[in-house]
Amino acid sequence: MPPLPRTPSQIVWLITGGSSGFGLELTKQVLKGGGKVAATYRPSAGSSIPPTLSSLQSSLSTSQTSNLLLLECDVSSSSQISAAFTATLSSFGRIDVVFNGAAWAILGEIEGTPEDEARRMFDVNFWGMCNVSREAVKVFREVNGTEAAGGRIGGRLLNVSSRSGVVPSAGIGYYCASKHALEGFTEALAKEMDPAWNIQITILEPGPFRTRAHADNTATFPVHPAYASNTSLASRQLRHWFADKSGVTGDPVLAAERIYRFAMGYPIHNSDSHKDDGVEADTMPLRLQLGDGSWSGIKATLEKRVEEMKAVEAMARSRVEFRVLRSLECQGPNGSKWSSLPITMSKRKVAYYYDPDVGSYTYGLGHPMKPHRIRVTHDLVAAYDMLPKMHVLRPKRASPEMLTAFHTDEYVHFLTRVSPETAEELTYHGTRFLVGDDNPAFEGLFEFCSISAGGSICAAQRIASGAADIAINWAGGLHHAKKREASGFCYINDIVLGILELLRSYPRVLYIDIDCHHGDGVEEAFYTNDRVMTCSFHKFGEYFPGTGTQEDKGRGKGRGYAINVPLKDGVTDESFRSVFEPVIAKILDVFQPSAVVLQCGADSLSGDKLGCFNLTMKGHAHCVQFLRQQNIPLILLGGGGYTVKNVARLWTYETACALGIENDIEPSLPWNEYFEWFAPRYRLEVVGNNMDDLNMKDGSLDRVRVTALEQLQEIAHAPSVQMHDVPKESVGHHLGFMKDEEGWDELDERLAQHARYVYTLQESSSASEDEDEDSWESDDSSNSQVRRTRSRSKPSTSANTNANGNATTNGSSIANGTSRKRMSLITNRYFDVPAHENGFSHYDCGAPLGKNTKRRFFNWDEVMMMNGNGGVTMRDAFSPLAKTLNLSGLMERGGANGRDKENETVDDDWDDNNSSMAVDS
């Protein structure tokens with residue numbers, strides 16, 4: 001093994017676990033050889049340096065003092081590991097050898113060892129060593145090769161395992177398992193190395209040595225009752241050996257000397273014969289045993305395994321074919337089919353989407369919606385050191401074309417242009433697009449929408465690709481936005497866009513909404529679709545948006561696939577859980593979703609400014625825990641929530657639930673930039689209050705649960721979808737329509753302009769002649785109003801006439817009236833919006849259509865003329881004359897251009913059934 005290409009005084013060591021055992025003796029050896037060493041020690045209650053290291057430091061000469069750097073480091077924390085490497089590089093400039101030795105043991109039978117203690121040991125013995133190894137490889141490859149570090153790439157990593165990692169012993173089962181896992185990890189890591197990096201990795205396998213590790217670094221638990229009577233059991237014998245230790249002869253000082261010489265590449269001499277003992281080689285061996293007990297014990301074990309393999313050779317090598325089933329069909333308790341056996345996963349791949357700019361936007365002074373809550377949440381997640389446990393990604397912002405997968409072109413175009421200064425003009429005095437005070441036009445509105453939607457679309461793409469099991473976008477969940485209108489603080493419905501992306505790969509998607517307000521925008525978007533089941537748990541009554549009764553079940557193919565669970569004020573954790581679990585379990589049984597989207601609106605928490613439920617943080621997060629256990633691809637989205645500090649607490653805790661570490665994080669909040677916001681308790685908790693649970697007083701909760709389960713019972717089987725290839729890109733991408741406009745050529749511009757003309761012809765919709773078969777547009781407020789009224793009284797199929805002679809249906813005005821109804825999320829009150837403004841009809845204002853409303857087309861005198869054969873020919877729309885037309889203004893006016901009405905083209909035969917149009921994204 002060649003020596004390190006530097007003198008001993010230039011070699012820099014980083015030793016973890018340097019306060020005792022091999023780590024302490026090796027630190028002394030490095031200093032004795034003139035090298036530089038950074039030794040870490042475990043944090044203690046007093047934050048003082050351990051006496052062993054303090055004594056060593058005081059014994060050094062003045063010239064040696066600068067060669068020793070003592071660092072406090074808890075190796076179970078990846079951030080502290082990174083900090084230790086950074087401090088070492090800052091002091092010495094490079095790191096040549098990493099001795100990865102921090103560990104501790106548990107003495108006790110497997111049945112008698114508490115699970116939390118075993119997990120805590122794995123955090124050090126396995127995960128701690130893994131994270132140290134990853135950081136070491138990164139430094140060896142990327143730092144040591146720089147000119148400032150000497151210009152020589154590479155280094156040596158020594159991972160300390162144990163004889164017990166190969167030869168397990170009774171009584172220390174969990175310790176053996178941690179070391180065995182480390183061996184597999186280290187061997188795989190060594191195989192992944194590029195030879196050009198000059199990184200050499202070795203597993204050290206020491207046997208028993210005379211150190212204080214048995215006393216200082218071993219947690220001993222009482223004998224399990226089942227093993228107490230028989231003292232001859234192997235575990236009892238090991239306990240006796242730990243207490244006696246008379247047979248332990250290994251010298252840690254000699255072992256440290258040999259480790260030092262081995263790492264430096266020096267020949268190692270046998271203390272008896274003073275001859276080379278044969279470990280010198282061109283490269284470092286993958287494994288090095290320390291002590292005769294280790295070498296002989298491991299050799300005997302391996303020889304025994306070879307004999308065992310020979311005994312079963314004939315059976316093992318016979319030609320047997322196995323068929324691997326990805327999904328096992330099994331019979332449920334009621335004869336139902338389960339799509340797969342319940343499997344418990346120990347680790348999930350979690351993707352976390354966050355854009356640092358999202359917290360910079362504001363709806364305006366005094367508005368209850370605060371985008372800054374997402375920034376506060378992110379800082380708290382980071383303070384809890386969760387980010388290294390996830391794949392943190394900055395989402396690509398959604399382009400206008402991506403948003404038109406659901407929203408209309410004219411509405412998306414409006415969002416790209418609107419600002420506080422232009423809002424009055426572009427909304428036609430508040431009668432179109434942005435109606436009421438809930439959705440103000442603020443600076444950067446479209447950028448905010450593109451961040452929210454981009455996160456949900458990227459999350460769906462990552463789930464569909466299999467790169468993540470759970471994807472999180474707390475900036476999403478804006479479930480009220482309609483197809484061509486903002487609603488309830490929501491401008492773009494990122495949830496619908498994400499689900500549409502999932503449907504490209506998955507046959508069925510389940511959407512669950514636990515926001516305090518009904519998820520009306522998502523429900524209406526898929527109201528006639530059986531591939532998406534929507535389930536909303538919400539407050540119902542005189543409460544925004546006024547929809548979501550159990551009469552609303554879907555329509556057409558989607559009938560039965562809209563599940564609503566209307567609740568009353570004060571619902572508690574127990575009440576909510578009693579209805580959530582059985583309903584969702586039934587949905588999973590009958591619908592068998594391929595993916596689940598969970599909207600985690602925080603306004604259902606106790607104490608929310610606009611909410612009226614009494615859920616605690618853990619009661620709300622139980623929904624995340626329940627769905628995580630189902631082993632189905634899961635997307636977690638944000639939503640409502642207007643008490644910022646509670647929103648941050650909840651979504652931080654639910655992030656921990658997604659990672660499966662909710663039981664490991666401390667309830668006392670760590671320091672972060674917004675620490676003072678969480679006064680006076682500074683704890684990760686949202687507690688309930690003493691408000692009455694009205695759901696329990698009259699038994700309404702039981703009735704709601706029974707009704708929901710009965711509706712699900714009517715679904716005979718999960719809807720099937722014909723198999724098809726999933727395109728790698730959309731039609732728009734394939735044709736080049738979605739590339740940046742800066743790269744457009746003349747043909748791109750002509751195609752894009754022509755596409756806009758053709759699409760606009762089909763964009764608008766009108767009412768159906770048959771009320772029961774009308775088309776359900778997601779922004780058609782009359783549908784929400786009709787369903788809201790139906791829930792309170794028997795539906796009436798005939799139109800009545802009010803005092804003013806205007807036709808009404810179920811008490812709501814239709815197109816011939818002078819106003820239309822909207823409800824405010826802030827006040828939960830209805831307000832009227834003028835139906836005629838500046839000569840524009842109901843359709844122009846974006847409100848519901850009457851049965852006799854005619855669809856207006858563009859006045860094609862501007863761009864079209866009759867050809868000689870009676871056909872229609874488009875003039876040169878790409879001529880300079882055509883380019884002077886205000887196309888966007890023409891779209892927003894619905895074709896009206898200040899001309900007389902008799903000159904306007906009207907299609908008398910237009911039917912609602914022709915109005916829906918699928919748009920590829």
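- For the pair F92 and N67, the minimum side-chain heavy-atom distance is 4.5 Å or more.
- Atom OG1 in T202 sits 4.0 Å away from atom CZ in F262 (nearest 0.5 Å).
- A salt bridge does not link K179 to E205: none of the charged side-chain nitrogens sits closer than 4.0 Å to a carboxylate oxygen.
- Minimum heavy-atom separation, I153 to R141: CD1-O, 3.4 Å.
- Smallest separation of non-hydrogen atoms from V624 and C657: CG1-CB, 4.0 Å.
- To the nearest 0.5 Å, atom CG of residue L158 and atom CD1 of residue I201 are 10.0 Å apart.
- When atom types are taken as modelled, the side chain of T113 and the backbone of E109 share a donor-acceptor pair closer than 3.5 angstrom.
- Here CG of L56 is found 6.5 Å from CG of L24. Values are rounded to the nearest 0.5 Å.
- In this structure, Y674 and W677 have perpendicular ring planes: the angle between them is above 60°, well past the 30° mark.
- Annotation: the span from E72 atom CD to Q80 atom CD amounts to 7.0 Å, rounded to 0.5 Å.
- The nearest pair of heavy atoms linking A255 to F209 is CB-CE2, 3.5 Å.
- Of the possible donor and acceptor atoms, one in the side chain of T16 sits under 3.5 Å from a partner among the backbone N and O of A102.
- A salt bridge links R375 with D379; the closest basic N to acidic carboxylate O contact falls under 4.0 Å.
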Verdict with supporting geometry, V75 and W127, side-chain contact (heavy atoms from CB on, under 4.5 Å): CA-CA 8 Å; V75 296; W127 288 111; over 6 Å; no
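- In this structure, the side chain of T52 engages the main chain of S19 through a donor-acceptor pair within 3.5 Å.
- Between E257 and R261, no side-chain nitrogen of the basic residue sits less than 4.0 Å from a carboxylate oxygen of the acidic one, so the salt-bridge criterion is not met.
- The distance from the NZ atom of K36 to the CG atom of L69 is 12.5 Å, given to the nearest 0.5 Å.
- M386 is listed as a side-chain neighbour of T652, based on a closest heavy-atom distance under 4.5 Å.
- Judged purely by atom type and a 3.5 angstrom limit, R94 has no side-chain atom pairing as donor or acceptor with the backbone of T146.
- When all heavy atoms of A87 and L71 are compared, the closest pair comes out as CB-CD2, 3.9 Å.
- Side-chain contact between I470 and M390 is absent, with no heavy atoms from C-beta onward closer than 4.5 Å.
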Intermediate values then yes/no, side-chain contact (heavy atoms from CB on, under 4.5 Å), L380 and V376: CA-CA 6 Å; L380 193 54; V376 180; 5.7 Å; no
side-chain contact (heavy atoms from CB on, under 4.5 Å) evaluation trace for V686 with L650: CA-CA 8 Å; V686 179; L650 173 69; 5.5 Å; no
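- For D469 (side chain) and K349 (main-chain N/O), a donor-acceptor pair under 3.5 Å exists by modelled atom type.
- In terms of heavy-atom proximity, Q237 sits nearest to S232 at NE2-CA, 3.8 Å.
- The local environment of CZ in R394 is crowded, with over 12 non-hydrogen atoms from other residues, nucleotides or ligands closer than 6.0 Å.
- With contacts defined as side-chain heavy-atom distances shorter than 4.5 Å, the pair L387/Y352 qualifies.
- Remark: the backbone N or O of G17 is not paired with any side-chain donor or acceptor of R42 at under 3.5 angstrom.
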Full working for side-chain contact (heavy atoms from CB on, under 4.5 Å) between V98 and V139: CA-CA 10 Å; V98 173; V139 170; over 6 Å; no
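- We find that R628 and E654 are not joined by a salt bridge, their nearest charged nitrogen and carboxylate oxygen being 4.0 Å or further apart.
- No donor-acceptor pair closer than 3.5 Å links the side chain of N159 to the backbone N or O of I203.
- Aromatic rings of F22 and F99 (six-membered ring for Trp) have centroids beyond the 6.0 Å cut-off, not under it.
- In this structure, R163 and G207 approach most closely via the heavy-atom pair CB-CA, 4.2 Å.
- Proximity of a side-chain donor or acceptor of R649 to a complementary backbone N or O of F678 within less than 3.5 Å is detected.
- Counting heavy atoms from C-beta outward, Y384 and L684 have side chains that approach closer than 4.5 Å.
- Looking at N144, its side chain does come within 3.5 Å of a backbone N or O of I95 through a donor-acceptor pair.
- More than 12 heavy atoms of other residues, nucleotides or ligands sit less than 6.0 Å from atom CZ of R683.
- Two residues are said to be in side-chain contact when any heavy atoms from C-beta on lie closer than 4.5 Å; T40 and L14 meet this criterion.
- For the atom pair R120 CZ and I106 CD1, the distance stands at 7.5 Å (nearest 0.5 Å).
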For residues 166-176, which side-chain N or O atoms pair as donor and acceptor with protein atoms under 3.5 Å away, sequence neighbours left out?
none

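- Side-chain contact between W651 and I472: absent, with no pair of heavy atoms (C-beta onward) separated by less than 4.5 Å.
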Side chains of residues 660-670: which donor-acceptor pairs under 3.5 Å do they make with residues two or more places apart or in other chains?
unit_1, atom_1, unit_2, atom_2, d
E662, OE2, Q625, NE2, 3.1

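- In W104, the CH2 atom is crowded: over 12 heavy atoms of neighbouring residues, nucleotides or ligands sit closer than 6.0 Å.
- In this structure a side-chain-to-backbone donor-acceptor pair under 3.5 Å is missing from S76 to G128.
- You'll find the side chain of N100 stays beyond 4.5 Å of the side chain of L182, heavy atoms only.
- Here the options are R305, E303, K299, K304, the test is side chain to side chain contact (heavy atoms under 4.5 Å, CB included), and the partner is T301; only R305 passes.
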